[in-house]
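Read the structure below first, then the notes.
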Amino acid sequence: MKASAKEMRAAGYAAVDRVVAHVEALEGMAGWTGARRAELEKLELGIPAAPRPAAEVIEQVEEEILRYMARPAHPRFFAFVPGPGNFMGAVADFLSQGYNVFAGNWFAASGPAMVELRTIEWLAGLVGFPETAGGVFLSGGSLANFTALAVARDRILGEERLSEGVAYFSDQTHSSVERALRLLGFSRRQLRKIPSGDDCRIAVSSVRSAMEEDRRGGRVPCCVIANAGTTNTGAIDPLSELAALCRAEGAWLHVDGAYGAAAAICEEGRRLLEGVEKADSLTFDPHKWLFQPFDCGCVLLRDGSLLPRTFYSRPEYLKDVGDNPGEPNLFDYSPELTRPFRALKLWMTLQVFGEDAMRRAVEHGLEMARYAESLVRASENWVIVTRAEMGMLSFRHEPPGVSSERVDEWNREIGKRITASGFAVVLSTELKGRTVLRMCPINPRTTEADVRDTIRELDRVARERAVRLPGAGRGTKPSRD
Ligand SMILES: *Cc1c(COP(=O)(O)O)cnc(C)c1O
């Protein structure tokens with residue numbers, strides 16, 4: 001289990017060369033390549049007893065394994081929240097893994113902990129959190145939501161009132177929130193999923209009346225989970241008003257900015273996110289709109305000292321790690337004990353490119369979304385469903401004389417076709433009972449031409465179907481795979 005210096009270099013350089021070639025070639029590749037299980041069963045992936053040359057294994061990894069995947073860094077990958085990544089982030093991952101950093105405590109990795117503190121400080125500064133703020137890097141938004149809500153639960157309810165607490169959030173909230181609350185001991189009757197308005201935002205008055213009703217029933221409003229950029233449409237809940245309501249009610253305000261918090265780096269985003277600085281906690285995923293390789297999530301608390309109050313534990317085998325003021329042991333800040341040095345990739349990206357380049361990259365996403373909106377508006381039979389705000393938009397093809405149900409089916413099919421063609425990845429979502437296509441063009445490598453060609457291609461696919469659809473009856477049902 002030991003490679004010589006020569007072998008390490010050869011394998012490492014081969015990997016770097018392949019990654020660089022891949023990044024350079026991305027634009028000409030398909031945005032997505034998938035395969036069915038039966039096909040992949042044919043690959044020779046069994047574990048050998050005897051060694052194989054690393055070069056051969058690396059080649060197999062690239063040719064056979066990494067071939068079958070979506071390419072979320074592709075300039076025409078517009079589905080979900082793309083993962084543009086960036087090479088310096090990947091280099092940072094290689095460094096931290098080559099050194100095998102254990103970023104759990106100060107004793108084990110004080111240098112890395114210092115970088116993590118500085119990077120958290122920078123993120124907290126972007127959203128206008130006070131000096132008391134603190135946080136920790138995590139695997140992603142799901143764990144960040146969980147971590148923040150665990151603190152909210154302990155802070156507001158403690159153990160005695162756990163079964164009386166109620167959490168409020170809109171129907172546009174990411175599914176990880178409900179899952180986190182369930183794992184934290186909230187039963188379904190302690191969750192208030194509030195229908196959002198036509199603008200996909202939660203109405204403060206609905207939260208207020210739900211809280212009043214709960215108080216009358218002897219329950220305790222525990223926390224509101226607000227969105228700073230929903231996954232569906234980028235909608236931002238009224239953060240300032242919700243903060244005021246929470247303060248008045250003694251409830252916790254958690255803001256899920258997994259996707260959208262990054263917009264705070266630029267002027268326009270800061271305006272849109274007004275009030276985010278009043279949150280008690282915030283989820284912020286640098287592996288989304290700050291272009292980090294997976295995984296890189298983060299939770300920020302306006303009072304960072306609350307994290308160890310929920311997560312601190314010191315079993316006998318960890319007694320020697322030390323507890324010095326100002327030298328945090330970050331395994332006391334979340335459910336993770338062993339944890340990688342995730343902060344390095346964001347820190348290194350910012351060192352190499354600088355904050356201004358990061359700002360411009362985020363602004364580019366806002367512009368590309370607006371550009372896409374203008375093109376959709378100019379296309380016949382296409383309608384904008386939600387406007388380009390926060391770097392995403394939704395729209396659909398609505399040819400005259402076709403029932404709404406058929407239009408739903410049809411738009412889903414348009415997304416499947418363009419994605420299967422490999423040209424671009426555009427998929428659907430559902431909004432207020434309607435199926436819409438959705439684009440999130442935040443990749444800094446995405447050009448106007450990428451956006452233009454994609455809209456043109458969508459229109460071409462849509463027209464093809466339009467000839468056959470009305471009254472066609474059979475043969476229009478989209479295939480399920
Ligand atoms: C992506 C996303 C999450 C989940 O984050 P992961 O990193 O996938 O765990 C949570 N909330 C929002 C709003 C998101 O966009």
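Both ligands and their constituent atoms are indexed starting at 1 by order of listing.
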* Cation-pi between Arg339 and Phe331: NZ/CZ under 6.0 Å from ring centre and within 45° of the ring axis? -> no
* Asked: Would you call the rings of His397 and Trp410 parallel, tilted or perpendicular if under 30° counts as parallel and over 60° as perpendicular?
  -> perpendicular
* Side-chain ion pair, Glu27 and Arg71, N-O less than 4.0 Å -> no
* **Within the 4.0 Å heavy-atom sphere of ligand 1, strictly under, residues** => Gly140, Gly141, Ser142, Asn145, His174, Ser176, Gly229, Thr231, Asp256, Ala258, Tyr259, Asp285, His287, Lys288
* **Partner residues of Asp256 under the side-chain hydrogen bond (donor to acceptor under 3.5 Å, both in side chains) criterion, sequence neighbours left out** => Asn145
* **Greater than 12 external heavy atoms within 6.0 Å of Glu274's CD** => no
* Structure fact -> side-chain hydrogen bond (donor to acceptor under 3.5 Å, both in side chains) test vs Gln172 passes for just one of Asn232, Thr230, Thr233, namely Asn232
